[in-house]
Trainee: 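Before I ask anything, let me first share the structure, which is written out below as structure tokens.
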Amino acid sequence: MTFWSDPDGFLANWLIHLLAGIGIPAGVAQAIGFALGAAILATGSLLFVLFLIWLERKMIGRVQDRLGPNRLGPWGIFQSVADMLKIFTKEYITPSGADKVPYNLSPILTVAAVLMVWAVVPLAITVYGVNLNVGLLYIIAVGSLGEMGILMAGWGSNNKYALLGAFRAAAQLISYEVPMVLSLLIPVMLSGSLSMTQIVVKQDIWYVLYTPLAALIFLITSIAEVGRAPFDLTEAESELVAGFNIEYSGLKFGMFFVADFLHSFTISLLVAVIFLGGWRGPGAETYPLLGFVYLVIKTSLVNSFIIIERASLPRFRIDQMMDFTWKVLTPVILILVVVTALLEKTLVMAGALAWVRTGIMFVVNIAILLIADTVVRRHLARRPRPDVRGKERPVARPENFFSQPGSGA
Amino acid sequence: MLSNWLYIGIFMVVSLFLPAAAIFIAGLLAPKKPNAIKNATYECGMETVGDSWIQFKAQYYVFALVFLVFDIETVFLFPWAVAYNQMTLFGVLEAIVFILILLGALIYAWRKGALEWH
Amino acid sequence: MTTLQIVFLIIAAITLVSACLVVMTRKIMHAALWLVLSLMGVAMVYATLQSGFYAVVQVLVYIGAISTLIIFAVMMTRNVMEDVGPQSNRGWGLALVGSLILFAGTSAILLTWDKAQTVLQEIPAVNGENIQMLGLALVDPMGFLIPFEVASVLLLAALVAAIFLTADIKRSRS
């Protein structure tokens with residue numbers, strides 16, 4: 001075993017030997033190794049957020065024809081470091097009447113829920129936190145802990161807007177979890193395992209080619225789970241001031257911010273691992289670090305898509321958002337699961353090759369997408385548009401600048 | 001097997017500890033000058049009226065119930081999906097009946113207007 | 001005492017203490033949050049028993065769905081703040097005796113039952129996958145096919161009942 005073929009195992013072995021040298025039993029040494037590995041992985045992903053914040057500000061800046069951060073360091077890359085140092089010295093304001101324990105626990109829980117996903121994601125062929133045989137369900141389960149964090153923030157803040165924001169957020173999270181979980185059924189069916197490591201190993205053909213519709217639905221619902229535009233109703237400034245985190249300040253608010261950016265990168269990572277082949281690529285089996293590079297490239301592509309999409313799309317209204325998940329995504333993914341299960345079984349029984357099956361399933365997926373799109377468009381065209389004009393309002397034009405409604409002027 | 005869960009346990013402790021430590025350190029660095037106005041509930045400058053813990057409408061509860069039904073459904077479907085490759089066509093058809101019954105449940109909820117956001 | 005036993009004792013203590021706090025705390029929202037911690041403890045017990053699937057399902061269903069449902073239900077009530085009445089009624093002594101008898105009886109049965117295990121048993125698995133066996137058993141006519149299909153009908157019935165009840169609320173309000 002050398003460093004280049006198995007960096008993770010090599011370092012772990014080295015550490016256990018080192019600790020055994022100073023008289024620590026193997027079991028304790030393993031626990032220490034686990035703790036160190038977990039600390040490195042978690043700290044690494046937290047520090048990575050600094051880069052992500054810079055990247056997102058820079059990219060959105062370019063979309064909006066601005067420069068973005070450009071003062072500190074080359075291309076302003078140290079801007080987020082300065083921001084972090086500043087937020088560390090900001091005062092915490094705890095609102096009077098706040099429920100102290102849930103209020104303070106909430107930002108910690110929200111970050112932890114995102115970090116814990118990283119424990120089961122394979123970063124290269126031998127580099128992963130743990131190969132859990134229920135990895136995929138674990139990721140969904142951990143997500144529900146984050147939802148508890150949001151509910152605790154809303155409850156603990158003693159603020160009506162925060163409570164309303166938290167409950168809307170929770171309603172959004174649970175509604176989008178249904179199609180998300182169902183869309184994961186198809187990769188599980190194909191790989192025959194819930195383990196993230198196995199899902200990557202079985203992906204000789206990327207699942208995005210086999211089932212593009214499930215990949216699309218997973219991406220959309222994941223963006224909704226993060227609460228990114230166009231699903232950012234939880235932080236609708238115009239309606240809820242800032243949503244569930246309104247009463248937080250200093251680094252406690254910063255933690256929600258960190259959780260948000262890290263979560264958006266984590267879902268890009270999940271899309272890359274589950275649908276884009278993870279670390280798979282030429283030469284990745286022999287050189288795990290090469291596989292890591294492939295994974296980083298794939299994840300960055302998905303993440304860039306999410307950032308550009310955030311800069312491009314307007315926000316949904318809450319009833320539109322609920323309609324979208326319950327009346328479009330959920331029926332479509334249920335039908336897709338049924339069709340995939342039937343067709344795949346029939347094709348395997350007929351002895352079709354993997355590439356043939358992929359081709360047929362790709363066409364079927366696109367067909368279902370087009371049919372669903374047509375049905376939704378027809379339905380929307382038939383529905384009468386609600387008249388939201390209401391009564392006459394003064395319009396800010398130079399000639400009626402001083403006029404009031406009803407004054408007759 | 002068990003060492004996997006040990007790792008998850010340690011990871012959980014570490015990932016709770018890191019943000020907690022960061023918030024604690026920032027608390028040491030930050031100034032503490034609370035006053036009554038600063039600590040007041042923030043409502044864009046308006047004074048808060050009544051209790052903050054208001055009563056919510058039943059709509060949220062309906063969505064949570066529908067979600068619960070689908071969540072339990074997926075818990076049944078995941079073991080089925082794992083065993084999919086070992087299964088005969090008969091096994092697949094049984095699961096499809098299962099899914100179609102729940103699709104019926106979704107359509108029922110839809111027709112009864114439980115999925116409308118008021 | 002092995003490390004596993006110490007871990008189990010810690011988890012059991014967390015579960016039991018938070019379960020007691022669910023019924024003892026005066027704020028109904030706090031009761032809901034303690035319930036979440038208690039359910040988390042049960043999930044950790046499943047994890048120490050190597051039953052990973054049940055551990056994640058416990059978190060997924062009980063914390064993700066049922067606790068959310070309970071919190072939403074709490075927010076529908078009027079008196080979310082605090083309950084000021086007495087927390088026990090006159091029958092509490094009787095209830096204590098009853099629960100002690102139940103506890104003693106259960107312990108006695110478990111201690112004398114020869115199939116009870118105190119050593120962790122490996123769960124049978126086909127090349128490391130015991131979920132696969134569960135999935136096959138669910139659609140096996142000799143296995144759990146009928147319960148599996150009945151479960152979906154049960155879920156349908158639950159949904160119909162829930163929608164009927166909440167529709168009733170709306171009608172009586174308007």
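All chains are named by letter (A, B, ...) in the order of the sequence lines, taking the proteins before the strands, and each is independently numbered beginning at 1.
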Trainee: Side chain from CB out, backbone as N, CA, C, O: work out which of these in B:Phe70 comes under 4.5 Å of a heavy atom of chain A, or both, or neither.
Mentor: side chain
Trainee: Would you list the pairs meeting salt bridge (Lys or Arg N to Asp or Glu O under 4.0 Å) in which at least one residue belongs to residues 71-83 of chain B, sequence neighbours left out?
Mentor: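 Sorted result for residues 71-83 of chain B: empty, none.
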Trainee: Among A:Val348, A:Val337, A:Leu41, who wins on heavy-atom pairs under 4.5 Å with chain B?
Mentor: A:Leu41
Trainee: Please give me the minimum heavy-atom distance between B:Ile10 and A:Ala38, naming the atom from each residue.
Mentor: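 What the structure gives for the nearest pair is CG2-CB, 4.4 Å.
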Trainee: Under a 4.5 Å cut-off applied to non-hydrogen side-chain atoms, are B:Leu106 and A:Pro331 in contact?
Mentor: yes
Trainee: Compute both the distance and the angle, then confirm whether B:Lys32 meets the cation-pi test with A:Tyr92: under 6.0 Å from the six-membered ring centre, within 45 degrees of the axis.
Mentor: no
Trainee: If you look at every heavy atom in A:Ile174 and B:Ala64, which pair is closest and at what distance?
Mentor: CD1-CA, 3.7 Å
Trainee: Please determine, among A:Leu105, A:Leu184, A:Val181, the option with the most heavy-atom pairs under 4.5 Å with chain B.
Mentor: A:Val181
Trainee: Check each atom of B:Leu93 against the heavy atoms of chain A and say whether the ones under 4.5 Å are side chain, backbone, both or neither.
Mentor: side chain
Trainee: Side chain, backbone, both or neither: which part of A:Leu145 has an atom under 4.5 Å from a heavy atom of chain B?
Mentor: neither
Trainee: Can a donor-acceptor pair be found, under 3.5 Å and without considering hydrogens, that links the side chain of B:Tyr84 to the backbone of A:Ala341?
Mentor: yes
Trainee: Heavy-atom distance under 4.5 Å to chain A: side chain of B:Leu89, backbone, both or neither?
Mentor: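 Both parts, backbone and side chain.
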Trainee: Quick one: what part of B:Val66 sits under 4.5 Å from any heavy atom of chain A, side chain, backbone, both or neither?
Mentor: both
Trainee: Evaluate the side-chain proximity of A:Val111 to B:Ser15: yes if any heavy-atom separation is below 4.5 Å, no if none is.
Mentor: no
Trainee: Measure the CD-NZ distance between A:Glu91 and B:Lys33 for me, rounded to the nearest 0.5 Å.
Mentor: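 These two atoms lie 7.5 Å from each other.
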Trainee: Considering only heavy atoms, which portion of A:Asn131 lies under 4.5 Å from any heavy atom of chain B: side chain, backbone, both, or neither?
Mentor: backbone
Trainee: Let me know if B:Phe67 has heavy atoms under 4.5 Å from chain A in its side chain, its backbone, both or neither.
Mentor: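 Both parts, backbone and side chain.
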Trainee: Do B:Trp5 and A:Leu132 have side chains that get closer than 4.5 Å, going by heavy atoms?
Mentor: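 Yes; the side chains approach each other to less than 4.5 Å.
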Trainee: Between A:Met349 and chain B, with a heavy-atom cut-off of 4.5 Å, which part of the residue counts as in contact: side chain, backbone, both or neither?
Mentor: side chain
Trainee: Would you name the heavy atoms of A:Ala39 and B:Val14 that are closest together and state the gap between them?
Mentor: CA-CG1, 3.7 Å
Trainee: Between B:Phe63 and A:Trp326, how do the two ring planes meet: parallel, tilted or perpendicular, split at 30° and 60°?
Mentor: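 If you compare the ring of B:Phe63 with that of A:Trp326, the planes turn out tilted.
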Trainee: Taking side chain as C-beta onward, heavy atoms only, is A:Leu334 less than 4.5 Å from B:Leu102?
Mentor: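 In short, these two side chains do not touch, never coming nearer than 4.5 Å.
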Trainee: According to the salt bridge (Lys or Arg N to Asp or Glu O under 4.0 Å) rule, which pairs have a member within residues 326-344 of chain A, sequence neighbours left out?
Mentor: A:Asp323-A:Lys327, A:Lys327-B:Glu116, A:Glu344-A:Arg357
Trainee: For B:Ile8, is it the side chain, the backbone, both, or neither that has a heavy atom closer than 4.5 Å to a heavy atom of chain A?
Mentor: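 Looking at B:Ile8, just its side chain touches chain A.
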Trainee: Of all of A:Thr94, A:Thr110, A:Leu136, A:Ile140, which one pairs up most often with chain B through heavy atoms under 4.5 Å apart?
Mentor: A:Thr94
Trainee: Look at A:Leu342, A:Leu109, A:Thr330 and state which one has the largest set of heavy-atom pairs under 4.5 Å with chain B.
Mentor: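 Of A:Leu342, A:Leu109, A:Thr330, A:Leu342 has the most heavy-atom pairs under 4.5 Å with chain B.
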Trainee: Would you mind telling me which of A:Met321, A:Lys90, A:Met322, A:Lys252 has the largest number of heavy-atom pairs within less than 4.5 Å of chain B?
Mentor: A:Met322
Trainee: Of all the heavy-atom pairs spanning B:Ala22 and A:Phe88, show the shortest one and how long it is.
Mentor: O-CE2, 3.6 Å
